[in-house]
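Input: a single structure, listed below in C-alpha cells.
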Amino acid sequence: MNVSLVLIIIMGVLFAAGVYAMLERSLTRVLIGFLLLGNAANLFLLIVMGQPGIAPFYGAGDPSEMSDPLPQALTLTAIVITFAVSAFLLALIYRSWQLGQADTVADDEADLEIRERAADDGGAMDDSITDEDDDATTDFIGTETAPITVLQHRDFDGIRDDAPTDSPSSTSSPEDAR
C-alpha cells in the first residue's frame, strides 16, 4: 500500500486545527473546528481505503483488483453526520445571536459560585462517613417516619387481602399437593 505522505500531514493538520478551534468559547469557531474534524475524518477514511480499484460488484473482475466498499460507506456516513451536527450548530449559533447578539458561551453564575466554593472548601469532600454518622444521613430512620406506609387487611375493614402468598398453608398436607 502506497499512501502519500502529504495526505497524512494534511490530515494531521486538519485534526489539530479542528481540536484547537473547538476549544474556543465562540460557537462559530466550534462549528469551524467541527467541520475541520469532519473533513479530517473523511481524509483518514480515504487514506485507509488504499489504492482505487474497480467497482466491487460480483463478476466485475478479480477480487484483488476491487476497491474496499467499507471505507466508502463509512465516508458517506461521516458526511451525513457532519452535515446534521453542522446544521444543529448553525441553528444554535443563530438562536444565540438572536438572544444575546453574541455567539460566545459565557460562564453561568451558578457555575462560578460552585467553582469559588470548591476553591474555598479545599479538601472538604475528602471526609469519609463513619458508622456513627450513617444513621444521621437519612431522614427515614424508623418505620414511623417512612414515606410509604404499607396497609394490610388488618388496618382497615374495607381492604381485602386476597393476593396469593408463597407461605405454606397450615391446613394442607403433603398428600393434598399430589
Could you see if [X] belongs to whatever hydrophobic cluster contains [Y]? Use Ile, Leu, Val, Met, Phe, Trp, Tyr and a side-chain cutoff under 4.5 Å.
{"X": "Leu92", "Y": "Val85", "value": "yes"}
{"X": "Phe34", "Y": "Leu90", "value": "yes"}
{"X": "Tyr94", "Y": "Phe88", "value": "no"}
{"X": "Leu7", "Y": "Phe15", "value": "yes"}
{"X": "Leu35", "Y": "Ile93", "value": "yes"}

Measuring from [X]:[atom1] to [Y]:[atom2], what's the distance to the nearest 0.5 Å?
{"X": "Asn39", "Y": "Thr82", "atom1": "CG", "atom2": "OG1", "answer": "7.5 Å"}
{"X": "Leu5", "Y": "Ile10", "atom1": "CG", "atom2": "CD1", "answer": "10.0 Å"}
{"X": "Ile32", "Y": "Ser86", "atom1": "CD1", "atom2": "OG", "answer": "11.0 Å"}

Minimum side-chain heavy-atom gap Leu27-Leu31 below 4.5 Å
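Sidechains of Leu31 and Leu27: no contact.
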
Where the side chain of Thr75 meets the backbone of Pro71, is there a donor-acceptor pair that is under 3.5 Å apart?
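Between the backbone of Pro71 and the side chain of Thr75 there is a qualifying donor-acceptor contact (under 3.5 Å).
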
Do you know the tightest heavy-atom contact between Ala21 and Gly33?
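Scanning both residues, the minimum pair turns out to be CB-CA, 3.6 Å.
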
If every non-hydrogen atom of Gln72 is compared with every non-hydrogen atom of Ser67, which pair is closest and at what distance?
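Smallest interatomic distance, heavy atoms only, reads NE2-OG, 3.3 Å.
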
Side-chain donor-acceptor pairs under 3.5 Å in residues 41-48, sequence neighbours left out?
residue, atom, partner, partner atom, Å
Asn42, ND2, Gly38, O, 3.4

